[in-house]
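Working notes, beginning with the structure itself.
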Amino acid sequence: MFWHIKLERNIVLEPRFFGRNMRDTLMQRLKHEVEGSCTGKHGYIVMVTDFTNISEGMVTDDGTARAKFRVEFDAIAFRPFKGQVLDAVVTEVNKFGFFAEAGPMNLFVSNQLISDDMKFESIDNANRYVSSDKSVSVQKNGEVRVRVVGMRIDAQEIFCVATMKEDYLGAIDQDAGADKVADEY
Amino acid sequence: MVRVTGTGKFTKAVSKKLHVAEDEVEDEADSDKEKEEAKEEVVDDVKENADDAGGSDGDEEADDEDDEKDDEDEDEEDEDEEDGLGDSEEEEEEEEEGAVKKGKSRKRNQFIDDAAEEDEDDEEEERGRKKKKKKRTGASAFIDDMAEEEDADDDDDDDDEGEEEDLDEGEREAVELEAQQRIHARYQNMENMERMENEEELEKQIKERYAAHMAREFDGDIVGSVVDQQALHPTVRDPKLWLVTVKQGKERETVVCLMQKAINLHKSGKGSMAIKSACVQDHLKSYIYVEAERESDVKKALQGMRHVYHSKPIKLVPITEMVDSITVTKKKVENIQYQSWVRMRGGVYKGDLARVIDINYADNQCTVQLVPRFDYALLQAKEEGTAAGRAKPNAALRPPARLFTEAEARKYNLSLERGRMDRRTGDRLDILCGVHKLRDGYYIKTISMASCKLAGEPPLDELQRYTAGEDAAGEDRGEVGAGKSTTEANLEALAASLGDRSASADQVFRPGDQVVVVKGDLKNLTGIVDRVMADGTVQIKPEHELLHDILDVDRENLRKSFKIGSHVRCIEGRHEGEAGLVVKVEGEVATVFSDVTKEEFLVFSHHLADSAETTHRVETLGEYGVHDLALLKDDSVGMLIRVEKDAAMLMMSTSNFDRPDVRAVRLHDFQRKLYTRTLSAVDSAMETIEPKSMCRIVDGPGKGMTITVEHIWKGVLWGKARGVSEHGGMLVCRSRDVKIHGGRAKDPVTGGRGFGAVPMSPGSALLRSPSNQDNGGPQAAPQRGRFGGGAVGRRDAGLIGSNVKVTAGVYKGYKGKVVDATETTVRVELQAQGRTVTVQRTQIAQPGAAPVASSYGAAPSVASSVDSFQPPARTPQHRPTTPAYNPGMTPSRDDGAGGRTPLRDTAWGAQTPAYDTSHWNDDTPTPGGESGYTGTPDVRHTGTPDLRGGSSALAISASDAGYRGKFITGAVVVLPGGKQGVVRSRSGDEVTVQIGTLKTLPNGETRMESLEGDERETVSEAELELAKPQKKDKIIVVEGTDRGLGAELIGVDNEDGVIKMDATKEISIYGIGTLARIFVG
């Protein structure tokens, strides 16, 4: 789920950046530091949308002459929840199941959680899960809709286990997926 | 334990103890005969018993007797009137209890009880042999008669011999009488048997028989057992215990032989042995205990025994150890039973899991079911008779364990007989090649019980492998786990194969565990463990809308439950410590997707515990956690990618993208943890890589992958790559094969690393070498402004790939190819030895080229690093004609690196601030390379003429380029006054000479020994002479075609000098006047 939240952060700047473009540098550095990061509370910070306030710089007391700024900003955060339905792009398929990514987040769908009629097959190192009537397949770069069933939140990432074994879940946008595969090979 | 006992006090004590133990034992394992056999048994006063038992199976019989005796103790009291019946019942029991017993024993059994009972009597009170005999005719007439009847032949033989030898008439008569009496007794016995119907008499008889025994039992109860035991401990007055060495494996036999000997002696009336008892402990190999007063008694008793080592000393067991040494500690016997899991001990199947499907304790054999490891090719070869004497199957190269399929047999054209009835298993089996029995794809093998051992609870994955395809046998199986139906069936099979054991009391619940009730009224109720009581009940907080109170539930009725998606940690078993997300729960078995390995594994749910939502990396082995870099004892380095129960999987630095070198390492093989936070490496574009940098692999295998660097060690990167699922996404690559994402120089925001590298002082721009703008090329690397040191790791690509020769050090004389070079060292792949060594740059030379030495000139940063700045102009050494010399590149101010340093062009000289003459107003070196040089003073300070680093090759120095005269820089010359000195510089005709001190040699000639002070004289060239070089002097040829070549004077012949050229090692002869001695200090 995406959230638009207010956050604060301290940014430390080296003296060589002091001067006219300091504000730009600060913003740049904040984006660099924050965008793509992940915390358990807020999830992934996808994008910094606005700087609401930048405090006065305080030269740090550690002899490096760097200055510390407190920056308040708005950001879009992506935080998945158990039970949430997500669309994801398959990144890897193996016999245990498949990995997919939903934006910055990786998720795994075990073959136990793939509907029973989909079978694993491996042709020329191209692994995929194919339904018995061959109409639906999950392969690399294909798009799937899954439901998050479990989550592990680390310092650096959130990892989910998802299921595709429910109604209204499964491979979506078949043609596009197939095209992408075709492009790749 | 078999034991033959006389009247020893000590053995009595122990036997009493043992009786207690036995009773316990029997309670536990009545049905299992084998168990009892394993347990040590006691037979008291076996002299009598052995009459029945005789020979080597005496011990077995003794066991039986004992069992029956114990039964009798209880039974007979109730049903004493029916002795005969009782006996026949016994017989039946006997048969039921095991097919072990042979029909032979049946007859005897009738009497055994009696014998046993009588033994008790005998043991109770000490009495003489005669008295015993007397009694025998009374109470237990059966036994001896029968026994003697059996042994009659033997005895008669003995007796006969005896008669012939030493018996006189009277005695013979006595013997005959005795024999008659015996026969009479037998008839009496038979009469007794007939009279059995007479119940009253029978009752009387039995009462008579057991009266003494019962009395004794009663006594025993009255006397406190503890005191009793204490009193029975051996004292110094008691017989001693001796330890006798016998042949290994013959311990029991020896004791039985002793028993037999005692019997025979007794029978023949030759008096008894002086030993009290003998016994054997099953766990004590090649020793037996003998109880006797004196060692000589033991010796005498053992005389003539086959398996006794008579030469070995008989040892006395200290009195304090006596009780311990023959006390039988009841050890828990591991029993292989029907359906137990066993592991094979040896051969191709060593370590393999097998299931016992049939067991025969009598033959000590069991039939197991194995996943076959057939070498079909070998079988085929055998079948066709073409097996060319192939050696025994090698355990290291053993065939994979796969279930047998018919397809396989067809493929190899092997004969397969289907559905033959097997006698042993009573099942229909297939026979492969006429030898190998198969059932459902498993190999059925009958093995000795010694060749397998109990497996305990086999790990789940192994079980799964074992059961894999149990249902799919017969059809062609796919990969394990590929088909879902197969896996599911497996799980069921697994659950079945494990029985209820897993669900029983060995579960451990902790507060907070999710549980489900599996039995009773509350079945399927879920809840959370609140408390675990000491008595095994568990208080749970039910999750039900109508139930709010805490409930007490028996542990046995609970099972842990995990919801799909919950984060769990394995607390037991092979995956102990691993954490992951539950993907599937099926009965007892949960599928967990590991956080670290990104693979699934199966575990029993009772081996799992909830993990906090955030993972704390507790996957550690000692101090080593997952993703730590560790140095091993063998100095190899690897990163932990997975931690298992007692080992960690390490990805070694020798790994490749496509060939990861992953090893299991145990804790004691670790040396220390490596901290790489502060380390860095350079990528292919000489940008600095630090931990957590994002890099793209641009070369070698794995090209195109993007990795996040985790660790850096000596140019090797461990990184995490997206899209790699093996080993938790970790891979290893060389730092030179990667390119860092968005080179840092271009990124003002990321800046450098912290403060150290960020501020480029304004001076750095000035200090930057002009080649930064002008040259580029291979020299681009070292151009970045550096502050002090840090030279290590900087590469000098120019030298890499060239062939060099090592000129000094341990590798002197070796030739090799440079594989890596820094400013100070080079890595040389030696041609001769096929290995790579590190050599100082000063110690290598390129054959046929100027010596390669430290490339001081190479890096313009020299300008800013004062330390490393060297006086530019040095002794003339360079031959402009060196092949390596690029004519366009002028020789450098030092010894040779200039050969590949395009520094000395005019542009450089003009632009480098460091070379600005204003900085060096005295003795300013003119950049050496300009042709048409006209002798600016060359030497600054007191600089010793170069030849730095002991480089032996000489060449004409840069400052002499264009000079055609004899007095080259560095030459030793004789001044008009006889003084000698070294040419330092020239200006037109004037030569500046540094005066040295002289020494007179034994041959009368003078020679300049050293340069002291800075005394200089300027003399015109015409007044100078070259000093005459001596043997072994370094010289330079100053005339002729070889002018400028360095050499060593190896001999002087009048006016000719014999020299050995430095470069070519050729020997030439030159006029001594054309050889200028070069002063090398």
Side-chain angles (χ1 to χ4, degrees), chain A residues 12-17 21 24-33 40 60 62-66 82-83 91-99 101 106-122 140 147-156 159-163 165, chain B residues 478-485 487-488 562-568 579-586 590-602 611-617 692 708 720 722-726 729 742 747-752 754-762:
Chain A
V12 175
L13 218 56
E14 284 78 27
R16 66 175 157 137
F17 298 113
N21 295 327
D24 289 345
T25 314
L26 266 177
M27 288 182 183
Q28 230 179 325
R29 179 162 293 188
L30 179 86
K31 281 189 174 177
H32 192 274
E33 277 185 18
T60 55
D62 56 4
T64 58
R66 291 183 290 182
K82 240 181 221 181
T91 53
E92 199 205 336
V93 181
N94 61 29
K95 65 181 184 203
F96 299 116
F98 64 85
F99 291 87
E101 48 190 26
N106 275 309
L107 55 87
F108 174 70
V109 180
S110 164
N111 63 10
Q112 324 275 358
L113 299 172
I114 298 173
S115 53
D116 286 335
D117 74 321
M118 295 193 88
K119 291 269 181 287
F120 178 73
E121 68 175 38
S122 178
K140 195 174 174 184
R147 183 191 295 279
V148 175
V149 291
M151 239 183 336
R152 171 172 54 86
I153 298 169
D154 278 349
Q156 302 298 317
F159 186 81
C160 289
V161 167
T163 178
K165 211 178 183 176
Chain B
E479 211 171 335
V480 176
K484 274 183 202 170
S485 57
T487 1
E488 272 155 28
F562 294 95
K563 294 212 175 86
I564 288 175
S566 49
H567 196 242
V568 293
L581 295 161
V582 176
V583 165
K584 190 187 181 190
V585 182
E586 193 159 308
T591 310
V592 178
F593 180 78
S594 167
D595 289 345
V596 180
T597 58
K598 302 256 183 281
E599 276 169 23
E600 285 178 0
F601 58 87
L602 291 175
S611 159
E613 199 175 10
T614 326
T615 48
H616 307 288
R617 280 267 151 80
K692 304 290 172 200
T708 309
K720 192 170 191 171
R722 292 184 79 180
V724 175
S725 58
E726 295 88 32
D747 190 351
V749 177
T750 47
F755 178 67
V758 171
M760 292 262 198
S761 84

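Heavy atoms only: backbone and side chains are in, while hydrogens, waters and symmetry mates are out. Quick caveat, the model's predicted, so the values are computed rather than measured. Reminder, nothing fancy here: chain letters follow the sequence lines and each chain counts from 1.
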Just to verify, what does B:S566 make a side chain to side chain donor-acceptor pair (under 3.5 Å) with, not counting sequence neighbours? none
Identify, with sequence neighbours excluded, every residue that meets side chain to side chain donor-acceptor pair (under 3.5 Å) alongside B:S594. B:E578, B:T597
I need the residue from A:G97, A:G150, A:C160 with the largest number of non-hydrogen atom pairs under 4.5 Å to chain B. A:G150
Chi angles and distances behind the side chain to side chain contact (heavy atoms under 4.5 Å, CB included) call for B:E600, A:S110: CA-CA 8 Å; B:E600 285 178 0; A:S110 164; 2.4 Å; yes
Apply side chain to side chain contact (heavy atoms under 4.5 Å, CB included) to residues B:V583 and A:F96 and explain how you reach the verdict. CA-CA 11 Å; B:V583 165; A:F96 299 116; over 6 Å; no
Any heavy-atom pair between the side chains of B:L581 and A:F159 that's under 4.5 Å? yes
Mind running side chain to side chain contact (heavy atoms under 4.5 Å, CB included) on B:F593 and A:R152 for me, showing each step along the way? CA-CA 11 Å; B:F593 180 78; A:R152 171 172 54 86; 6.0 Å; no
If you measure from NZ on B:K584 to NZ on A:K165, what distance do you get to the nearest 0.5 Å? 6.0 Å
Under 4.5 Å heavy-atom distance to chain B, tell me which part of A:E33 shows up: side chain, backbone, both or neither. neither
